[in-house]
Structure formats: C-alpha cells, structure tokens
Amino acid sequence: MAKLQRGEGEGGDLEKLRKGIAESYDESTGAWEELFGEYIHRGFYDTPSAAPGAAPLTALDHRRAQLRMIDEALAFAGVSEDPEKKPKKILDVGCGIGGDTLCLAKKYGAQCIGINLSPVQVKRAQELAQAEGLADKVSFEEADALNQPFPDGQFDLVWSLESGEHMPDKEKFFSEMARVAAPGATIILVTWCHRDLSPDEESLRPDEMKLLNKISDAHLLPAWCSAADYASFAKSLKLEDIRRADWSENVAPFWSAAVQSGMTWRGIISLLKSGWKTIKTALAVSLLIEGYNKKVIKYNIITCRKPK
Ligand code: SAH
C-alpha cells in the first residue's frame, strides 16, 4: 500500500490543522450556502459522453445533481428502504451545515447525529433542523472524526461525504467510522482520493506529488491515499461487502458550475463578504481541476458493511 501522508504529524500541528479547518469553514460556509444551498458536495451527473450536445446546465440542475449524489451513494451501497431493515440511527461524519443529515433523517425517519469541526456550521445546521421541524430527530455537535465521542457499535449507517479529504490520518478516520458502526451497519464514504497505483508503482510520480502538495496547502488537505488503500483498511478491519467506484466523470460538470457561479456578481460579492481565506481557497480551485484533468485526483465512493 502506498500512501501520500504529509504534513501535520505531531500533536501541536494536528491542533493547528483542526483550528485551520474550523476557521476556514466558519468563514466560507455562508458564501457556499448562498451559491449552492445546504449541500457542501459535488453533484452526480450522467457522464458527459451519455449526453452529447445537451443544453447547458442551470443552477437548479446542479442542486438536483447534489441531491442525486445522496441517492446514488445509498443505492450503490444497497441501503434498504424496507421499513424493517432501513437505518434507524445514522451518523454523518463531517456534516457541514447538515444538508445530507436532514435529507437522510427525512428519507428514513431515522435519528441522526452530525459532527464537524466548525461551530458556525453546527449552529447553522441546528437552525436548519429547527426550520424543517426536525429538531427532535437530528442533532449536531462539534467533534473530531478521528476521536469520536460515541461508544462502539451505535449507528446503522455511518456516512461521510467529502469530509475524508481533510483527515490527517486516513486509517484512523476509517477505523473510527467502523468502530461506531453497529453490527450489520453500512459505511458509506464518498471522497477525493489520489489515483490507485499500478502493481509496479510504489508511489505517485514526482510531478503528481508536487501538484498534490500544492493542492494540500491551498485547501487544508493534509494527507492523501487511494481508494485501494481505503478498501484495504476495510479488509484489515474485517468489514464485508467492500465495494468501490470511480465517479470522477460523474462529478465533472460540477467544476464548471463552481467556477461559473464564483465569477458572477453574486458569487464575487459573497466571496468578498466572507473573507480572505475563502477567496484564497476559491482562487486555488484551478489546481483541483488540474488534478482531476491529469487524473491524479479521483472522486471515489467506498462502501462496506460491518459483520453481524
Ligand atoms: N458532508 C457535508 C460537508 C462537506 S465539507 C456535505 O456534503 O454537505 C467538509 C466537512 O468536514 C466540514 O463540515 C468540516 O467541518 C468537516 N471536517 C473536516 N475535518 C473534520 C474532522 N477532523 N472531524 C470532523 N469534521 C471534520
């Protein structure tokens, strides 16, 4: 297994990283919500080749695509809608302002908890839950995904959409998700990874590492691993029914949506209002796009089940 793990190894650095991530989301979440609504993740689209010459996508299409991402992930993992088997207790790890958490609570009528590092996001998520009349079903708290404040074996569905990127220790992150999962629970991780290595490679090429290092610095992404690495963590934790897929093509249209909305007057004003950290991250989106275009970064789903 070859991993790119860099940067924030020591305790003090970890604290600095957590603080940096919290502050960055405290600052940027208002702008993101204004531009894309309550989901801080990409949308799922039919692959570009499936719809040649299609009309340009509207903001509403992008929002639908974000919602579709949730349904596609649940379907990929085979989460049951059967009233007997559907998840009753769900954990959303790195929950943003709780868009997914609320959606899952409504879909399954489940009790849901969302955790993340940003107090501003937690507060906003609580407001949205209140506004949707879901405050008795859903709760949010500030907690570290690497050290979760829950006993073992609590949740029937452990969900993480686009938060794994920020985790400095991918193995610990994944093992915490597995620890809090109940026997028979499903674990769903949708995350950016670096590409899988071929059997004759021990690491990424130097030019690929250089690009990832630049992206890491700009976007507070302290470590990278591949989807194959996650699958091997799952295997070593004796998890079952391990599935994975590369959805990079399915999220491709979202990049231009992000760039286009950032370049409208409304986008520019929201960015300016939110502050320097957000502007810096927005300016570095081109590096991420380069990573995807060069196929160094992949958008992956990894799912598995905890044995009964
Ligand atoms: N899953 C959400 C938000 C994705 S944004 C959605 O799809 O809408 C990434 C989220 O990960 C942010 O909420 C950030 O606070 C959270 N996060 C990053 N590092 C974390 C950590 N170590 N522990 C808990 N949450 C973390």
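We count ligands from 1, going down the list as the structure has it; atoms in each ligand are counted the same way. Note that the structure is a prediction, hence the values are computed from the model and not measured.
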Using the ring of each side chain (for Trp, its six-membered ring), is [X] parallel, tilted or perpendicular to [Y], with breaks at 30° and 60°?
X: Tyr45; Y: His62; value: perpendicular
X: Tyr292; Y: Tyr299; value: tilted
X: His166; Y: Tyr25; value: perpendicular

Out of Ile70, Leu117, Leu146, Asp92, who gets a non-hydrogen atom closest to atom 26 (C) of ligand 1?
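Result: the heavy atom closest to atom 26 (C) of ligand 1 is in Leu117.
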
Compare His41, Arg42, Arg18 and give the one whose heavy atom is closest to atom 7 (O) of ligand 1.
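Ranked by closest heavy atom to atom 7 (O) of ligand 1, first place is His41.
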
Exercise: do [X] and [Y] side chains pair donor with acceptor under 3.5 Å:
X: Asn116; Y: Ser118; result: no
X: Ser216; Y: Asn213; result: no
X: Thr29; Y: Gln121; result: yes

I need the contact type for [X] against ligand 1. Using non-hydrogen atoms and a strict under-4.0 Å cut-off, is it side chain, backbone, both or neither?
X: Asp100; value: side chain
X: Ala143; value: backbone
X: Tyr39; value: backbone
X: Ala22; value: neither

Which atoms of ligand 1 sit under 4.0 Å from any heavy atom of [X]?
X: Cys95; answer: 2 (C), 3 (C)
X: Leu161; answer: 1 (N), 2 (C), 4 (C), 7 (O)
X: His166; answer: 18 (C), 19 (N)
X: Gly96; answer: 2 (C), 3 (C), 13 (O)
X: Glu162; answer: 4 (C), 5 (S), 9 (C)

Would you mind checking which non-hydrogen protein atom is closest to [atom], with the distance to 0.1 Å?
atom: atom 16 (C) of ligand 1; answer: Gly94 CA, 3.7 Å
atom: atom 23 (N) of ligand 1; answer: Ala145 N, 2.8 Å
atom: atom 13 (O) of ligand 1; answer: Gln121 OE1, 2.6 Å
atom: atom 5 (S) of ligand 1; answer: Tyr25 OH, 3.5 Å
atom: atom 11 (O) of ligand 1; answer: Ser163 CB, 3.3 Å
atom: atom 8 (O) of ligand 1; answer: Ile40 N, 2.7 Å
atom: atom 25 (N) of ligand 1; answer: Asn116 CA, 3.4 Å
atom: atom 22 (N) of ligand 1; answer: Asp144 OD1, 2.9 Å

Compute the shortest N/O to N/O distance between Ile115 and ligand 1 and return yes if it is under 3.5 Å, no if not.
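Between Ile115 and ligand 1, no N or O pair is found under 3.5 Å apart.
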
Please lay out, stage by stage, how Met69 and His41 fare under the test side-chain contact (heavy atoms from CB on, under 4.5 Å).
CA-CA 9 Å; Met69 175 63 75; His41 59 76; 3.9 Å; yes

Report yes if the side chains of Arg42 and Trp247 come closer than 4.5 Å at any heavy-atom pair, otherwise no.
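The answer is no; the side chains never approach within 4.5 Å.
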
May I ask you to decide whether Glu201 forms a salt bridge with Arg195, counting only side-chain N to carboxylate O separations under 4.0 Å?
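Result for this pair is yes, salt bridge flagged.
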
Does the pair Arg18/Asp144 count as a salt bridge with the N-to-O cut at 4.0 Å?
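Yes, Arg18 and Asp144 are salt-bridged.
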
Could you check Thr186 against Leu74 for side-chain contact (heavy atoms from CB on, under 4.5 Å), going step by step and ending with a plain yes or no?
CA-CA 10 Å; Thr186 304; Leu74 293 166; over 6 Å; no

Among Lys235, Lys308, Lys306, Arg305, which residue satisfies the salt bridge (Lys or Arg N to Asp or Glu O under 4.0 Å) criterion with Asp241?
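Single salt bridge (Lys or Arg N to Asp or Glu O under 4.0 Å) partner of Asp241 among Lys235, Lys308, Lys306, Arg305: Arg305.
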
